[in-house]
A.B. asks: 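So that we are looking at the same thing, I have put the structure below in structure tokens.
Remember, predicted model here, so these are calculated numbers, not experimental data. Proteins come first, then strands; the chains are lettered A, B, ... in the order of their sequence lines, and each starts at number 1.
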There are 2 protein chains.
Amino acid sequence: MLRLSKRVEYGLIALRHFAAINDSTVCTAKEISQKYNIPHELLAKVLQKLSQARIIQSYQGVRGGYVLAHAPSKIKISDVINAIEHEKPMLAECYADGPASCIIFDDCTIRRPLGKIQKNINDFFHTMTIAEIV
Amino acid sequence: MLRLSKRVEYGLIALRHFAAINDSTVCTAKEISQKYNIPHELLAKVLQKLSQARIIQSYQGVRGGYVLAHAPSKIKISDVINAIEHEKPMLAECYADGPASCIIFDDCTIRRPLGKIQKNINDFFHTMTIAEIV
DNA sequence: GGAAAATACGACCGATTTTATCCGATTTTA
DNA sequence: TAAAATCGGATAAAATCGGTCGTATTTTCC
Ligand code: FES
Ligand code: FES
């Protein structure tokens with residue numbers, strides 16, 4: 001409950017790795033998966049997502065790999081989450097999917113108060129960058 | 001992802017209901033489940049947990065039901081979560097279950113940075129009370 | 001005393017989500 | 001041309017969660 005998904009964890013670990021090494025050095029998914037003991041195929045897909053979101057730059061072919069596309073201080077945690085998960089992290093489903101999704105929407109009395117906590121978390125993800133986790 | 005469980009939602013809704021009405025009036029699980037359109041059996045189980053944690057007082061038998069055991073301002077959100085969920089809400093499993101649970105524990109580089117966000121959320125749950133959601 | 005109404009408790013199923021794997025295709029360099 | 005890497009979809013395995021059921025116990029009311 002209230003847990004980050006493995007995909008996001010793996011993504012953050014990978015991004016931290018990129019940020020910790022020289023900018024111009026490409027890293028392959030295999031390297032990272034071995035170094036951090038992460039399932040290779042799964043990490044590969046996460047990196048693809050990050051690549052599509054222009055957070056990292058991909059180079060195909062032999063001697064290919066990935067490099068950060070921006071400075072670590074420019075990459076917000078929220079960017080990473082949005083790139084990997086297609087729906088934003090929400091305390092209650094009603095926020096994410098709208099009134100139709102929740103059967104007790106009209107009778108719900110805690111949606112508004114929960115918003116305070118939600119906002120707080122959002123702000124944190126929006127403020128913190130990869131540079132702060134190196 | 002990063003979502004509260006239904007059990008906690010239902011628990012909060014029920015507690016808010018208790019806080020909103022007269023202190024000495026007992027409410028049955030059935031009443032609340034009908035009013036807020038919540039599955040009766042599931043809510044009943046949640047209320048049992050809250051009763052065991054001394055957050056609400058139970059009265060058995062016909063004309064029985066539940067009443068708040070303390071003033072709403074004395075009931076913290078974290079108390080409610082702890083009562084309903086046996087393990088605390090944690091961004092990453094490594095916090096909750098210790099080193100043995102996470103295969104990448106030794107290689108993990110994001111555990112410590114994540115702690116900042118974790119602490120922030122914990123503080124919020126520890127500060128906010130039922131009185132603030134009435 | 002017995003029936004009804006409520007909580008108490010535990011076991012269980014089913015659906016959904018999440019995690020992980022697999023395979024084939026494409027790109028690029030050696 | 002072969003090897004090494006990214007791509008992308010499909011699929012399988014696992015875990016979690018919401019919800020249900022059945023039974024026991026307690027208490028009040030008739
Ligand atoms: S829990 Fe869905 S609207 Fe509040
Ligand atoms: S993800 Fe488990 S230790 Fe970091």
Side-chain angles (χ1 to χ4, degrees), chain A residues 1-11 13-14 25-34 36-53 55-67 69 81 84-87 89-90 92-93 96-97 101-104, chain B residues 1-11 13-14 25-34 37-67 69 83-87 89-90 92-93 96-97 101-104:
Chain A
M1 179 200 160
L2 211 69
R3 194 162 289 177
L4 248 37
S5 71
K6 287 289 183 193
R7 285 199 297 279
V8 170
E9 283 191 32
Y10 296 159
I13 289 175
T25 309
V26 300
C27 285
T28 71
K30 201 168 195 173
E31 277 175 35
I32 297 180
S33 70
Q34 287 174 347
Y36 298 101
N37 210 30
I38 296 173
H40 170 246
E41 306 282 351
L42 189 51
L43 176 64
K45 191 174 288 189
V46 170
L47 293 180
Q48 286 167 29
K49 290 271 189 183
L50 293 176
S51 171
Q52 288 166 7
I55 292 176
I56 57 179
Q57 169 82 41
S58 80
Y59 293 102
Q60 270 183 295
V62 61
R63 308 295 291 166
Y66 297 96
V67 187
I81 294 177
I84 296 175
E85 305 287 336
H86 61 292
E87 68 179 25
M90 293 288 176
E93 63 180 342
D97 307 334
S101 70
C102 189
I103 55 170
I104 63 169
Chain B
M1 178 200 162
L2 209 70
R3 194 161 289 179
L4 248 36
S5 70
K6 285 291 184 194
R7 285 198 297 279
V8 170
E9 283 191 31
Y10 295 160
I13 290 175
T25 308
V26 299
C27 285
T28 71
K30 202 168 196 175
E31 276 174 36
I32 296 179
S33 70
Q34 286 174 348
N37 212 29
I38 296 173
H40 170 246
E41 307 283 351
L42 189 52
L43 175 64
K45 194 178 289 185
V46 170
L47 293 181
Q48 286 166 28
K49 290 271 190 184
L50 293 176
S51 170
Q52 288 166 6
R54 310 287 182 190
I55 292 175
I56 58 179
Q57 169 82 42
S58 81
Y59 293 102
Q60 272 184 295
V62 61
R63 309 294 292 167
Y66 297 97
V67 187
I84 295 175
E85 304 287 335
H86 61 292
E87 69 179 24
M90 293 288 176
E93 63 180 341
D97 307 334
S101 70
C102 190
I103 55 170
I104 63 170

A.B. asks: For a 4.5 angstrom cut-off between non-hydrogen side-chain atoms, does A:Thr28 reach A:Glu31?
C.D. replies: yes
A.B. asks: From C-beta outward on A:Glu41, which listed nucleotide comes closest to its side chain: C:dT21, D:dG19, C:dT7?
C.D. replies: C:dT21
A.B. asks: Drop me the distance from A:Met1's CE to B:Met90's CE, to the nearest 0.5 angstrom.
C.D. replies: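 Atom-to-atom, A:Met1:CE and B:Met90:CE are 11.5 Å apart.
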A.B. asks: For A:Arg63 and for A:Gln48, find the nucleotide of DNA chain D with the closest heavy atom, then tell me which residue's nucleotide is more 5'.
C.D. replies: A:Arg63
A.B. asks: Can you name the nearest heavy-atom pair linking B:Leu43 to B:Ala29, along with the distance?
C.D. replies: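 What the structure gives for the nearest pair is CD2-O, 3.5 Å.
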A.B. asks: Would you jot down, in residue-number order, the residues of residues 49-62 of chain B having a non-hydrogen atom under 4.0 Å from DNA chain D?
C.D. replies: B:Gln60, B:Gly61, B:Val62
A.B. asks: With both distances under 3.5 Å as the test, what is the Watson-Crick or G-U wobble partner of C:dA15?
C.D. replies: D:dT16
A.B. asks: For a quick check, tell me whether the side chain of B:Lys45 and the base of D:dT20 share a donor-acceptor pair closer than 3.5 Å.
C.D. replies: yes
A.B. asks: Atom CG of B:Leu43 to atom C1' of D:dG18: distance rounded to whole Å?
C.D. replies: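 In whole Å, D:dG18 C1' lies 13 Å from B:Leu43 CG.
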A.B. asks: If I take atom CD1 from residue A:Ile32 and atom CD1 from residue A:Ile13, how far apart are they, to the nearest 0.5 angstrom?
C.D. replies: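 It is 10.0 Å, given to the nearest 0.5 Å.
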A.B. asks: So, B:Glu85 versus B:Ser5: side-chain donor-acceptor pair below 3.5 Å or not?
C.D. replies: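 Their side chains do contain a donor-acceptor pair, which is all the 3.5 Å distance test asks for.
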A.B. asks: Let's see if you can work this out: which of D:dT6, C:dT19, D:dG19 has an atom nearest to the side-chain heavy atoms of A:Lys6?
C.D. replies: C:dT19
A.B. asks: Here's a test of your reading of the structure: between A:Leu4 and B:Lys30, which maps to the more 5' nucleotide of DNA chain C?
C.D. replies: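 This one resolves to B:Lys30.
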A.B. asks: Would you classify B:Ala44 as touching base, sugar-phosphate or nothing, given that sugar-phosphate means primed atoms plus P, OP1 and OP2, and contacts are heavy atoms under 4.0 Å?
C.D. replies: nothing
A.B. asks: Is the closest basic N to carboxylate O distance between A:Glu87 and B:Arg3 below 4.0 Å?
C.D. replies: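 Here A:Glu87 pairs with B:Arg3 in a salt bridge, since their nearest N and O are under 4.0 Å apart.
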A.B. asks: Would you say a side-chain N or O of B:Tyr10 is under 4.0 Å from OP1 or OP2 of D:dG19?
C.D. replies: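 Yes, such a contact exists.
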A.B. asks: Can you check the A:Ile84 CD1 to C:dT18 C1' distance for me, whole Å?
C.D. replies: 14 Å
